[in-house]
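See structure below.
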Amino acid sequence: MSKRISEKYLKDFFNLDDSDESSADLANLIEKLKKLTFEHGENIITAGEEADGMFFIESGSATVLNKNGEQVNLMHVGQYFGEYAVLTGEKRLTTVRAHGRTVVYKVENEDLLAFLSKHPHIYSEMMKKVYGQLSSKHSQILALSSMKKGVLSHPSNDHPITLKQGLFQYGFLALVVIASFLLPRGISGPIFLLPLIFMIAYVLITKRTLESIVASCLIAGILAYKGHFLTGTMDALIETFGAADNVFTVIVMVLMGALVNLIVNSGGVTAFEKSAAKHAKSQKHVFFTSFVIMIMTSIDEGLNMLCAQYALYNPSKEKRIPRERQALFYGMLPVVLCSFVPLSLWGIFVIGTMNVTFGADSVALFCKAIPFNFFSIITVIAMILLSLGKLPRNKQLKAGDKRVEENGDLWPEGSEKYLSEHSTEVWGKISNVMLPIIVLMVASLAVRSISSGSFSVDSSIGLTVALLFTFALFCLRRIMSPSEFIEYAVQGIADSTLPVIMYLMTIFFSSMLDTLKLDTYFELAIDEFDHLLFLLPAAVFLFCMLLTTALGSSWAMYAIAFPIVYSLVKNFGIDSTTVLALFIGAIAGAGIAGEKNCAFTFEALNVGTTVGIAPEVAKRLRLFYSTIVSLIAFVLYLIAGIICFG
């Protein structure tokens with residue numbers, strides 16, 4: 001018998017007693033175990049295939065891939081898999097692939113079922129365990145997989161509509177389109193408001209963000225081109241998609257998607273676990289260690305949250321930290337930290353939308369605007385206070401602390417299906433995460449600067465160099481083969497499809513607003529509000545936050561808000577880059593604030609699944625504190641407006 005999958009291991013696994021009958025049945029099962037060896041990259045089981053047995057890992061490790069080929073777990077010595085399909089008779093849900101040379105012991109279907117038929121109590125317990133895993137582990141896999149895409153889940157992807165709803169919604173849309181054709185040519189007034197108002201109303205009614213943007217672009221095209229609607233709109237679309245700044249941003253977004261997916265599939269999510277366990281000696285240390293890990297991995301808000309939370313999962317349990325505190329911490333902080341990093345996916349998107357309006361100085365303006373991103377700065381301060389135990393507690397935080405003190409339960413009722421157990425083994429290496437990120441940062445800052453002789457930031461070159469370096473690093477370390485590297489890179493590019501489409505469509509919508517004379521209207525209306533100029537920073541923050549909350553996505557808001565606010569600033573005669581940075585900081589912070597204040601995004605599910613708490617609890621906590629932070633930021637923008645214009 002093997003060292004790991006021993007008689008004692010199997011006896012404990014099946015929870016057998018010491019009777020002669022149980023011992024004989026176990027001995028019979030052990031005789032039928034088959035020892036199998038798989039080389040690196042070989043599939044042990046494959047998703048969609050019929051089950052042929054259950055497996056126990058004797059040595060090595062194995063990656064778990066979902067039906068889309070995305071890595072969602074990594075298993076090690078002493079763990080098992082394949083039991084679900086055997087017990088239920090269904091096809092395999094996942095693919096399990098050898099990671100390095102892997103030795104397993106296999107129990108054939110008929111042998112396992114024959115053994116369990118003699119021990120119905122064991123069969124019952126295994127079925128409870130299997131279905132418990134099905135309701136929790138697989139929902140976690142789905143949510144964690146979606147987080148790797150580096151973008152909030154948009155309602156348009158996750159709310160299927162019935163036939164009746166579809167007929168009503170698209171019938172209403174058809175009527176609006178027809179009405180747009182019937183409007184007289186040359187109509188005066190702020191006609192650009194019609195598609196803008198429609199977009200907000202449609203997304204509030206349907207909760208379908210992407211569709212609302214596409215429909216609003218359609219209406220804007222009709223208003224702008226009338227009888228030449230198809231040719232005019234298509235020409236404008238091609239011009240927008242072919243603009244050099246937009247092509248650059250799309251390239252950078254897909255390359256970033258590839259790099260993040262490669263890091264995740266190298267075991268990066270678990271890389272910091274061993275190091276974190278050494279430093280997390282108290283509740284304060286747990287939070288601050290999480291803080292440091294998130295800062296180090298803030299090229300993507302999904303990556304930094306997963307790396308930090310997984311590393312501190314077990315220390316959080318050991319230090320008895322209520323899940324409510326963790327849900328607030330991870331619900332507020334990841335994207336906020338990314339908002340300070342120009343080379344994060346968030347930063348790349350925002351700078352890309354800024355490029356269309358502000359031109360080549362966008363990176364410098366982004367960096368100059370960071371001190372004026374009051375929402376993000378206040379959030380960081382609030383989370384530091386939470387880490388120190390100094391943040392004023394609402395009812396939920398108080399209830400969580402009281403529950404832990406009284407009965408030791410870390411999570412509130414209703415959170416059971418989101419709980420999971422994490423292995424304490426180290427699955428990845430910190431260097432596999434940090435070296436590509438460091439190369440990205442250095443190459444982005446240095447390569448173009450050296451070749452041009454003046455300081456310049458080029459994230460496309462940085463990402464290209466980082467991907468080449470990562471290929472060499474991962475292949476030489478045998479983390480993945482060249483073919484696996486290409487597979488994961490292409491998968492990351494595919495995951496970037498949604499943010500790329502959102503970016504291009506919102507940029508196109510912004511250009512259509514300009515075609516509908518947005519600038520002209522502001523020039524006519526500006527004199528009426530000259531005496532209220534000091535209110536403008538706060539008004540911009542409030543408008544952009546509410547627009548984001550209504551849309552459920554900051555991605556659409558940024559492309560709409562930057563040209564509008566730039567028109568306001570230009571028409572007021574403001575030429576100070578510091579004042580312009582104030583407005584950019586207000587817009588940037590408002591986008592994050594709006595998402596945190598939105599009740600219908602799927603961020604709560606992502607956070608709840610990652611932390612192990614009911615998403616509704618995570619959402620209520622986030623809404624309470626984000627509202628307070630938003631109010632403080634609004635007051636600060638009022639003060640800033642008075643200082644600048646009073």
Side-chain angles (χ1 to χ4, degrees), residues 150-151 213 217 236-257 299 338-370 372-373 440 443-445 447-449 452 454-464 496 499-515 518-519 540 544 548 553-570 574-575 577-592:
V151 60
I213 297 172
C217 289
L237 189 68
I238 292 171
E239 183 180 355
T240 299
F241 284 18
D245 287 336
N246 295 335
V247 172
F248 173 86
T249 302
V250 168
I251 290 173
V252 169
M253 290 171 72
V254 299
L255 292 179
M256 179 64 81
I299 60 170
C338 291
S339 71
F340 300 129
V341 183
L343 295 177
S344 67
L345 182 61
W346 186 93
I348 288 167
F349 181 91
V350 173
I351 291 171
T353 54
M354 288 172 61
N355 272 333
V356 178
T357 303
F358 303 108
D361 296 330
S362 296
V363 175
L365 276 173
F366 178 93
C367 295
K368 195 166 186 177
I370 290 174
F372 300 107
N373 186 347
L440 165 63
S444 296
L445 296 172
V447 175
R448 178 74 70 178
S449 299
S452 65
S454 60
F455 180 74
S456 179
V457 179
D458 192 327
S459 51
S460 65
I461 293 177
L463 282 163
T464 302
S496 304
V500 166
I501 292 174
M502 288 290 294
Y503 170 77
L504 291 173
M505 292 309 300
T506 50
I507 291 295
F508 175 61
F509 183 66
S510 175
S511 71
M512 295 306 296
L513 293 181
D514 286 339
T515 304
L518 177 145
D519 278 353
V540 165
C544 294
T548 301
S553 166
S554 63
W555 297 64
M557 181 278 290
Y558 289 128
I560 296 167
F562 280 127
I564 291 177
V565 172
Y566 183 65
S567 296
L568 281 172
V569 172
K570 182 175 65 175
I574 300 170
D575 57 4
T577 56
T578 300
V579 175
L580 185 57
L582 170 64
F583 285 104
I584 292 172
I587 297 171
I592 301 173

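The shortest distance between side-chain heavy atoms of P342 and I351 falls below 4.5 Å. Side-chain contact check for S454 versus S449: every heavy-atom pair is 4.5 Å or farther apart. Put simply, the side chain of F562 does not reach to within 4.5 Å of the side chain of S510, judged on heavy atoms. Within the 4.5 Å cutoff, the side chain of Y558 has no heavy atoms near those of the T548 side chain. You'll find the side chain of W346 reaches within 4.5 Å of the side chain of I592, heavy atoms only. The closest side-chain heavy-atom distance from V250 to F241 is not below 4.5 Å. Annotation: side chain of S496 is not in contact with side chain of M256 (no heavy-atom distance under 4.5 Å).
Distance SG/C217 to CG/L237: 8.0 Å, rounded to 0.5 Å. Taken from CG in L463 to CD1 in I299, the straight-line distance is 8.0 Å, to the nearest 0.5 Å. Atom OG of residue S459 and atom CG of residue L255 lie 9.0 Å apart, to the nearest 0.5 angstrom. Between N355 atom CG and L365 atom CG the span is 10.0 Å, to the nearest 0.5 Å. Here OG1 of T464 is found 8.5 Å from CD1 of I251. Values are rounded to the nearest 0.5 Å. Separating the CD1 atom in I501 from the CD1 atom in I213 is a distance of 11.0 Å, to the nearest 0.5 Å.
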- prompt: Yes or no on side chain to side chain contact (heavy atoms under 4.5 Å, CB included) for F366 and V350, after CA distance, side-chain angles and deciding distance?
  reply: CA-CA 8 Å; F366 178 93; V350 173; 4.2 Å; yes
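Here the side chain of S444 pairs a donor or acceptor atom with the backbone of L440 at under 3.5 angstrom. Listed for the S456 side chain is no donor-acceptor partner under 3.5 Å among the backbone atoms of S452. With hydrogens and angles ignored, the 3.5 Å screen pairs a side-chain donor or acceptor of N246 with a backbone N or O of T240. Remark: side-chain polar atoms of S344 are paired, donor with acceptor, to backbone N or O of G347 under 3.5 angstrom.
Checked against side-chain hydrogen bond (donor to acceptor under 3.5 Å, both in side chains), S460 has the following partners two or more places apart in sequence or in another chain: D458.
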Cut-off 3.5 Å, no hydrogens considered: what does the side-chain donor-acceptor table look like for residues 580-588, sequence neighbours left out?
none

